[in-house]
Amino acid sequence: MKVLIVGGVAGGATAAARLRRLDEQAEIIILERTGFVSYANCGLPYYVGNVITEREALTLQTPESFRDRFAIDVRVHQEVTKIDPAQKTVTIKRLTDGSQYTETYDKLILSPGAKAVKPDVPGVESDKIFTLRTVEDTYRMQEYVKEHRPKRAVVIGGGFIGLETAENLMHVGVQVTLLQRSKQVMPPYDEDMAALLHSYLRMVGLDLRLNHPFTGFREENGQILTLLKDKEPVAADMVVLAIGVEPDTHLAKEAGLTLGQKGAIVVNEKMETSLPDIYAVGDAVEVTQFVTGQKTLISLAGPANKQGRIVADVICGRDSHFTGSQGSSVIKLFDLTAATTGINEKTAKSLGLSYDKVVNYSASHATYYPGANNMTIKTIFEPETGRILGAQIIGFDGVDKRLDVMASAIGFGATAADLEELDLSYAPPFSSAKDPVNMAGFTIENIRKGLVKQHHWHDVASLPKDGSVTLLDVRTKEEFAENHIPGAINIPLDELRLHLDELEKKPLYVNCYSGLRSYLACRILSQHGFDCSNLSGGFRFYAFNTANQAFDPAPTYPCGVKL
């Protein structure tokens with residue numbers, strides 16, 4: 001059996017190695033148009049920032065190591081220019097000299113990945129403008145920074161690559177302005193969670209500008225100007241374009257393969273395309289979103305590697321299936337960690353799903369043990385069943401651990417009641433006896449069982465102002481004096497029972513700093529006949545989001561609150 005693999009990064013390299021482990025006799029050829037295979041896309045920004053200092057660390061395998069260990073023929077700087085499914089051949093161009101040749105195949109695996117979006121705008125071909133997708137891109141950017149020592153850079157795009165590149169440029173002393181055309185960074189997160197990121201990024205020195213679409217570039221006085229719609233240009237010494245990626249599927253289209261979402265290759269659960277003996281994996285393929293069952297694109301290394309393993313199994317006659325992707329991801333932003341899995345509120349709303357949400361503020365480990373930091377956890381769930389649909393977590397320590405637990409729970413169809421019962425490891429340096437994941441389950445079940453009603457930060461502005469409701473803040477007098485929701489009255493939680501007769505029997509909308517004390521207050525009040533609702537996420541979540549909406553740029557931290 002002769003297997004050709006087009007593309008030798010995550011999916012293609014994994015498929016090749018798995019094929020060899022399953023079939024010692026197969027002839028396996030990897031065709032890669034760049035000069036590198038099996039490289040760590042996700043590590044590229046860290047080389048620019050001198051966090052990763054050795055070039056060799058970016059590549060997990062080399063053509064030589066593939067040959068020596070796996071007896072796989074890896075051909076770099078060779079681009080497949082045509083696929084002939086009828087003849088089962090591909091045409092290949094040697095990029096070193098322009099010559100061409102053909103190869104036959106019994107099985108063909110397409111792993112072309114995705115390409116960085118480079119819009120057709122004036123000035124985009126300037127040598128001061130960079131993308132970051134390949135190892136060559138990384139070397140070019142790092143060498144430019146080392147040689148020219150830029151003082152200021154513009155990064156366009158607030159996704160993974162944009163934010164990680166911005167951070168790493170700042171690590172080597174470059175002042176960075178990040179331009180985002182929409183009102184938030186990191187689209188996998190809901191806007192109210194992104195508000196936490198906005199404040200933090202500004203606090204650490206990033207010049208973050210939201211709602212700033214660009215229209216082109218112009219070189220002037222040795223600098224590159226980023227031209228903006230209805231705003232003054234931004235001058236810098238270099239620009240990084242990180243506005244997203246798109247499936248690199250022109251070969252598949254020309255070969256007659258069926259394409260789906262955004263031109264991605266349609267595959268079944270065995271990674272088979274619409275044509276016999278042609279398979280596809282990685283960023284170029286359409287996948288099923290595990291939670292919703294909808295077709296989508298998820299450009300992440302984890303799914304690509306799993307798909308490469310599965311396609312090798314299928315080619316070798318093993319019963320293997322790709323059931324879909326949850327889109328689980330994590331990002332480091334200076335000392336902050338943000339992670340997400342499943343669907344967000346935006347997706348649930350757009351699909352018309354029945355959902356609700358809770359926002360918890362939980363310590364990374366026992367608060368009496370030194371070094372505990374809080375994390376914000378937003379959990380999306382199905383009200384009727386309590387099934388967990390998605391989670392977003394932002395904090396400093398322990399975020400990745402809790403996100404992975406949530407991802408596993410979603411993968412196995414867990415409910416909030418299941419989260420309550422999870423038996424998670426505990427010792428004071430690592431967690432609390434009630435882990436933050438357990439706490440999310442407790443909060444959801446309290447709501448589902450009617451122990452407490454809740455309202456959200458975005459509901460506050462629409463509450464009646466005619467005196468028919470009472471806004472009650474149960475924080476301390478000192479906290480209340482520092483900042484509070486307009487129109488609220490203050491009765492500290494520990495004094496609440498002494499002042500019940502001062503409260504009118506009308507709906508009470510209660511808040512504290514995080515939502516915990518106000519939950520306790522609601523339990524007291526409801527048992528004394530009051531109609532009570534708790535502010536989900538507390539005053540801090542409200543303050544971050546109202547500040548984020550009111551200011552651009554927003555203040556780093558709204559008065560009296562912290563991440």
Side-chain angles (χ1 to χ4, degrees), residues 1-34 36-42 59-76 78 80 83 85 88-90 92 103-114 247-249 251-252 255 257 264-288 290 298-325:
M1 176 173 63
K2 182 178 181 181
V3 182
L4 296 187
I5 301 174
V6 180
V9 191
T14 297
R18 176 71 169 174
L19 276 167
R20 177 56 74 223
R21 293 195 296 271
L22 296 177
D23 188 343
E24 184 64 21
Q25 306 307 316
E27 180 182 0
I28 305 169
I29 301 172
I30 296 177
L31 301 164
E32 170 58 44
R33 64 185 165 199
T34 74
F36 300 88
V37 292
S38 191
Y39 59 83
N41 289 87
C42 302
T59 51
L60 307 178
Q61 295 286 346
T62 65
E64 294 74 23
S65 66
F66 261 117
R67 180 194 63 222
D68 295 344
R69 178 163 294 181
F70 298 106
I72 291 172
D73 181 3
V74 178
R75 305 175 189 177
V76 295
Q78 302 204 21
V80 174
I83 301 169
K88 300 184 79 169
T89 63
V90 299
I92 305 156
E103 281 283 0
T104 61
Y105 66 83
D106 296 310
K107 305 288 183 181
L108 177 64
I109 301 174
L110 301 179
S111 182
D248 192 359
T249 55
L251 274 176
L257 273 66
I265 302 168
V266 173
V267 293
N268 61 18
E269 61 183 11
K270 294 185 176 183
M271 309 314 297
E272 297 168 326
T273 69
S274 57
L275 294 179
D277 298 319
I278 301 180
Y279 305 80
V281 299
D283 293 352
V285 305
E286 182 184 74
V287 299
T288 300
F290 181 82
I298 297 178
S299 298
L300 293 169
N305 278 276
K306 294 179 182 71
Q307 293 162 10
R309 181 181 176 90
I310 287 165
V311 78
D313 284 356
V314 170
I315 288 173
C316 292
R318 299 172 68 87
D319 187 23
S320 195
H321 307 269
F322 184 69
T323 57
S325 175

Task: CA sep, side-chain torsions, deciding dist, call: H321, K270, side chain to side chain contact (heavy atoms under 4.5 Å, CB included) - done: CA-CA 5 Å; H321 307 269; K270 294 185 176 183; 3.7 Å; yes
Could you tell me whether the side chain of [Y] reaches within less than 4.5 Å of the side chain of [X], counting heavy atoms only?
{"X": "L251", "Y": "L110", "value": "no"}
{"X": "M1", "Y": "I315", "value": "yes"}
{"X": "V76", "Y": "F36", "value": "no"}
{"X": "D248", "Y": "R33", "value": "yes"}
{"X": "E269", "Y": "I310", "value": "no"}

Okay, side chain of [X], backbone of [Y]: is any donor-acceptor separation there less than 3.5 Å?
{"X": "S111", "Y": "G12", "result": "yes"}
{"X": "E32", "Y": "G8", "result": "yes"}
{"X": "R75", "Y": "P63", "result": "no"}
{"X": "Q307", "Y": "G282", "result": "yes"}
{"X": "K88", "Y": "D106", "result": "yes"}
{"X": "T273", "Y": "I278", "result": "yes"}

Task: Spatial distance of atom CD1 (I29) from atom CG (D73) [nearest 0.5 Å] - done: 5.0 Å
Open item on the list: Once you measure the plane-to-plane angle for F66 and F70, does it fall in the parallel (<30°), tilted (30-60°) or perpendicular (>60°) bin?
Closed with: tilted
- [ ] Under the side chain to side chain contact (heavy atoms under 4.5 Å, CB included) rule, what do R67 and E64 come out as? Steps first, then yes or no, please.
- [x] CA-CA 5 Å; R67 180 194 63 222; E64 294 74 23; 3.9 Å; yes
Task: Test side chain to side chain contact (heavy atoms under 4.5 Å, CB included) applied to R18 and V311, step by step - done: CA-CA 9 Å; R18 176 71 169 174; V311 78; over 6 Å; no
Determine the sole option in [options] for which the side chain to side chain contact (heavy atoms under 4.5 Å, CB included) test with [X] is passed.
{"X": "I109", "options": "D277, I5, V6", "result": "I5"}
{"X": "F322", "options": "V287, V314, V285, N268", "result": "V287"}
{"X": "I83", "options": "V90, T89, L4", "result": "V90"}

Closest heavy-atom pair and its distance - [X], [Y]:
{"X": "A312", "Y": "A15", "value": "CB-O, 3.6 Å"}
{"X": "R20", "Y": "A71", "value": "NH2-O, 3.0 Å"}
{"X": "L19", "Y": "C316", "value": "CD2-SG, 3.8 Å"}
{"X": "D283", "Y": "S299", "value": "OD1-CA, 3.4 Å"}

Task: Chi angles and distances behind the side chain to side chain contact (heavy atoms under 4.5 Å, CB included) call for E103, Q78 - done: CA-CA 12 Å; E103 281 283 0; Q78 302 204 21; over 6 Å; no
